[in-house]
Amino acid sequence: MIRRPIKSSTAAILGVLSVLLLLGGYTFLAHRQYRSNPSDTTIPRWSQLQKGFASTIEVNRRSGDRWLVVDAVATGQRLFLGLAGGVVGSLLLGLAMGCFSPVEAFFYPPLSLLAKVPPTAALAVFFVLVGTGNNMYVTMIFFGVLPTMTLTVYLAVKEFPDELLYKAYTLGASHLEVVWTIIFRQVLPKFIDAVRLSIGPAMVYLIAAEMVVGDVGFGYRIRLQSKLTNMSVVYPYLALLAAFGFSMDSLLRLLQRKLCPWYESKR
């Protein structure tokens with residue numbers, strides 16, 4: 001039956017099984033590649049991956065620092081600053097567009113256009129306007145997530161029923177109270193969903209820029225080690241990026257359940 005719920009234990013077993021199948025498939029491919037060509041490192045075995053990861057946390061003899069530490073600090077700082085600006089800006093602008101028609105008429109056309117422009121395709125524009133320092137990464141993430149998230153908030157506000165607005169005004173609420181006390185709480189769970197969906201694209205924008213002009217960061221390290229076919233370092237970096245994104249998504253889901261329990265029960 002379509003959308004028929006299953007037991008939580010069954011869902012957990014199926015989730016664990018899917019992960020085990022993924023790990024088992026990689027183990028098989030790595031073993032087959034090793035048997036055909038022991039010197040090939042394109043699909044490293046688990047022991048090689050362990051050595052590669054160890055090299056990222058040890059002090060590098062040439063640079064005198066730990067690759068993973070400096071890359072994580074650089075990439076994390078750029079990602080958080082860009083996302084924070086995009087989240088705050090899209091929330092304020094989306095609420096204003098959904099509540100006030102003049103703001104909607106002014107911002108909707110350019111935001112609809114910018115939402116269709118891939119930030120990675122506009123890398124050269126960011127290089128020229130902002131330079132190639134940290135400001136460029138933050139600006140690219142900001143403008144990469146702002147249009148889509150703003151339109152998400154705007155559409156959620158437009159779905160707010162007029163009946164609740166009339167009731168709030170009848171009870172004596174001001175415009176600001178209606179926006180922040182009623183509309184904001186109604187829109188908040190959908191906004192958190194939008195933030196969750198923006199983590200992946202934001203990471204794509206950042207890694208792509210670091211691959212092109214970065215001198216530190218996950219994208220820079222992946223590009224450098226890929227040229228050396230040192231996949232025992234590349235794969236752990238990719239796994240760490242996936243783990244980070246999954247952790248952020250889980251924290252946002254937990255925040256959504258805490259702040260909007262009614263929305264979780266409704267779904």
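For the numbers below, each heavy atom of this structure counts, side chains included, while hydrogens, waters and symmetry mates do not.
For the pair Leu68 and Leu240, the minimum side-chain heavy-atom distance is below 4.5 Å. At a threshold of 4.5 Å between non-hydrogen side-chain atoms, the residues Asp71 and Glu210 do not count as touching. No side-chain heavy atom of Phe143 sits under 4.5 Å from any side-chain heavy atom of Val138. Side-chain contact check for Ile183 versus Cys99: some heavy-atom pair is nearer than 4.5 Å. Side-chain contact between Met136 and Thr139 is absent, with no heavy-atom pair separated by less than 4.5 Å. Phe100 is not listed as a side-chain neighbour of Phe106, based on a closest heavy-atom distance of 4.5 Å or more. Within the 4.5 Å cutoff, no side-chain heavy atoms of Leu81 are placed close to those of Asn134. Between Trp46 and Leu23 there is a side-chain heavy-atom pair separated by less than 4.5 Å.
For Lys158, the salt bridge (Lys or Arg N to Asp or Glu O under 4.0 Å) test picks out Glu104, with sequence neighbours left out. In this view, Asp249 and Arg196 satisfy the salt bridge (Lys or Arg N to Asp or Glu O under 4.0 Å) rule, not counting sequence neighbours.
Relative ring orientation between Tyr26 and Tyr235 is described as perpendicular, the plane-to-plane angle rising above 60° on a 0-90° scale split at 30° and 60°.
A side-chain donor-acceptor contact under 3.5 Å links Lys116 to the backbone of Ser112. Judged by distance alone, with hydrogens and angles left aside, the side-chain atoms of Gln33 form no donor-acceptor pair with the main-chain N or O of Ala30 at under 3.5 Å. For Gln225 (side chain) and Asn230 (main-chain N/O), no donor-acceptor pair under 3.5 Å exists by modelled atom type.
Under the 4.5 Å side-chain heavy-atom criterion for grouping Ile, Leu, Val, Met, Phe, Trp and Tyr, Phe53 is not connected to Val70 through any hydrophobic cluster.
Shown are Leu197, Val87, Val187, Leu252; of these, the side-chain contact (heavy atoms from CB on, under 4.5 Å) with Ile192 is made only by Leu252. Only one option out of Val153, Thr150, Leu151, Val88 pairs with Leu93 in a side-chain contact (heavy atoms from CB on, under 4.5 Å); it is Thr150.
Scanning all heavy atoms of the two residues, the minimum distance from Cys260 to Pro189 falls at SG-CD, 3.7 Å. Contact detail for Ile43 and Leu29: the closest heavy-atom pair is CG2-C, 4.2 Å.
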For this session: Take Glu58 and Trp67 through the test side-chain contact (heavy atoms from CB on, under 4.5 Å) and record every step on the way to the result.
Result: CA-CA 8 Å; Glu58 296 173 351; Trp67 289 350; over 6 Å; no
For this session: Could you go through the side-chain contact (heavy atoms from CB on, under 4.5 Å) check for Tyr205 and Phe126 one step at a time?
Result: CA-CA 12 Å; Tyr205 307 152; Phe126 289 109; over 6 Å; no
For this session: Begin with the C-alpha distance, continue with both residues' side-chain angles, and end with the deciding distance and a verdict on side-chain contact (heavy atoms from CB on, under 4.5 Å) for Thr42 and Thr229.
Result: CA-CA 7 Å; Thr42 54; Thr229 64; 5.7 Å; no
Exercise. Should Val233 and Leu228 be marked as a side-chain contact (heavy atoms from CB on, under 4.5 Å) after you check the CA-CA gap, both sets of side-chain angles, and the distance that decides it?
Worked result: CA-CA 10 Å; Val233 172; Leu228 301 174; over 6 Å; no
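Here Phe107 and Tyr154 keep their ring centres 6.0 angstrom or further from each other.
Lys258 NZ: 12 or fewer foreign heavy atoms inside a 6.0 Å radius. Within 6.0 Å of CZ in Arg257 there are more than 12 heavy atoms belonging to other residues, nucleotides or ligands.
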